[in-house]
2 protein chains.
Amino acid sequence: MVGAMEATLVLDALGEPNRRQLLELLHGQPEATVSELVEASGMRQPQVSKHLKVLGGASLVAVRADGRHRHYRLDERGLRAAHEWFASFEDVWLARFDALDELVSNDPNPEENSP
Amino acid sequence: MVGAMEATLVLDALGEPNRRQLLELLHGQPEATVSELVEASGMRQPQVSKHLKVLGGASLVAVRADGRHRHYRLDERGLRAAHEWFASFEDVWLARFDALDELVSNDPNPEENSP
DNA sequence: CATACATATTCCTCGTGAGGAATGCAATCC
DNA sequence: GGATTGCATTCCTCACGAGGAATATGTATG
């Protein structure tokens, strides 16, 4: 269900260092207001709001309104979508380990990985 | 050793749809020449070469020279770096499952997150 | 109600990076 | 050795997106 479409949104959104910084800041605490993110990131308020909008569009962050404050937090959905996109390439490095095993050991019978 | 620096390179490199397309094409076969990637991707040869250069700089692809052909293949290193970057956020969705557990059970005391 | 605060949005500018055409360079083939 | 193939690189242009300043929107506060 979590397909390439969402991974596209997420990877496009994360192709920007400041947005990754925002995600990492949000990783350190349960949630944070825009002002707190402005303070912590060194960016200016409009930039933070704009980046948060992009991250929200990729389901990487979610908002909770509280009076005039807006509390942002990480959204599992986007993160998992990207994680699974990369996981779909896992066979690449698993296959490489198999090849390494064959080279290192002189066991002519390398086991299959069973994920 | 696979740290934030490499994840930055990888995520920057993947913030571009055509580069992701090249990775996915390379995922389907062990390796491919530039000409084959040009054919399969619909992009023109210089664009493919340039994108492959960026992917190589992020350790996402590796090359094997063979006469006047260059065989590109996926490089596990960049893929793993990115996969691990996202894995560092795994606690986000794991914690969300925990919170769900608390809600489902009849604990009437929804605590604040205590970091 | 006026004012201050928190955030979102708009408008503008500018740099970066993607795409296209042409060229460079090395290796093969005749 | 000249021609051709396979790929990399250069130069140029152009669009997109990031950043800045100003403004809009909404909410508390006096």
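Reminder, nothing fancy here: chain letters follow the sequence lines and each chain counts from 1.
Rounding to whole angstrom units, CG of residue D66(A) and P of dC5(C) are separated by 18 Å. Whole-Å rounding puts the M43(A) CE to dA6(C) C1' distance at 17 Å. Between E16(A) atom CD and dA18(C) atom P there is a gap of 13 Å when expressed in whole angstrom units. In this structure, the NE2 atom of H69(A) is 15 Å from the C1' atom of dA8(C), given to the nearest Å. Atom CG of L9(B) and atom P of dG17(C) are 12 Å apart (whole Å). In this entry the distance linking CD of E36(A) with P of dC5(C) reads 17 Å, nearest Å. Atom NE2 of H71(B) and atom P of dA8(D) are 12 Å apart (whole Å). For the pair L14(A) CG and dG17(D) P, the computed distance is 15 Å after rounding to whole Å.
Taking the six-membered ring where the residue is Trp, H83(A) and H83(B) present parallel rings, their angle staying beneath 30° rather than reaching 60°.
For dG19(D), one of the phosphate oxygens OP1 or OP2 lies less than 4.0 angstrom from a side-chain nitrogen or oxygen of H51(A). At least one side-chain nitrogen or oxygen of Y72(B) sits closer than 4.0 Å to the OP1 or OP2 atom of dA8(D).
Out of dT29(D), dA18(C), dA8(D), the shortest distance to the side chain of R19(B) is found at dA18(C). Distance from the side chain of S49(A) is smallest to dA8(C) among dT5(D), dA18(D), dA8(C). Of the candidate nucleotides dG19(C), dG6(D), dA8(C), dG6(D) has the atom nearest to the side chain of R68(B).
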request  = Carefully, step by step, assess E24(A) and F89(B) under the rule side-chain contact (heavy atoms from CB on, under 4.5 Å).
outcome  = CA-CA 9 Å; E24(A) 282 162 355; F89(B) 285 94; 4.2 Å; yes
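Under the 4.5 Å side-chain contact rule for hydrophobic residues, L25(A) and L14(A) share a cluster. One hydrophobic cluster holds both W85(B) and W93(A) under the rule that ILVMFWY side chains link at heavy-atom gaps under 4.5 Å.
If you run side-chain contact (heavy atoms from CB on, under 4.5 Å) between L79(B) and each of V61(B), V10(B), L23(B), only L23(B) comes through.
Under a 3.5 Å cut-off, the side chain of R77(A) and the backbone N or O of S59(A) do not form any donor-acceptor pair.
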Interface polar pairs with nucleotides 21-24 of chain D, N/O, under 3.5 angstrom:
residue : atom : partner : partner atom : Å
dA21(D) : OP2  : R44(A)  : NH1          : 3.2

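Judged purely by distance below 3.5 Å, without hydrogens or angles, the side chains of Q45(A) and S49(A) pair a donor atom with an acceptor atom.
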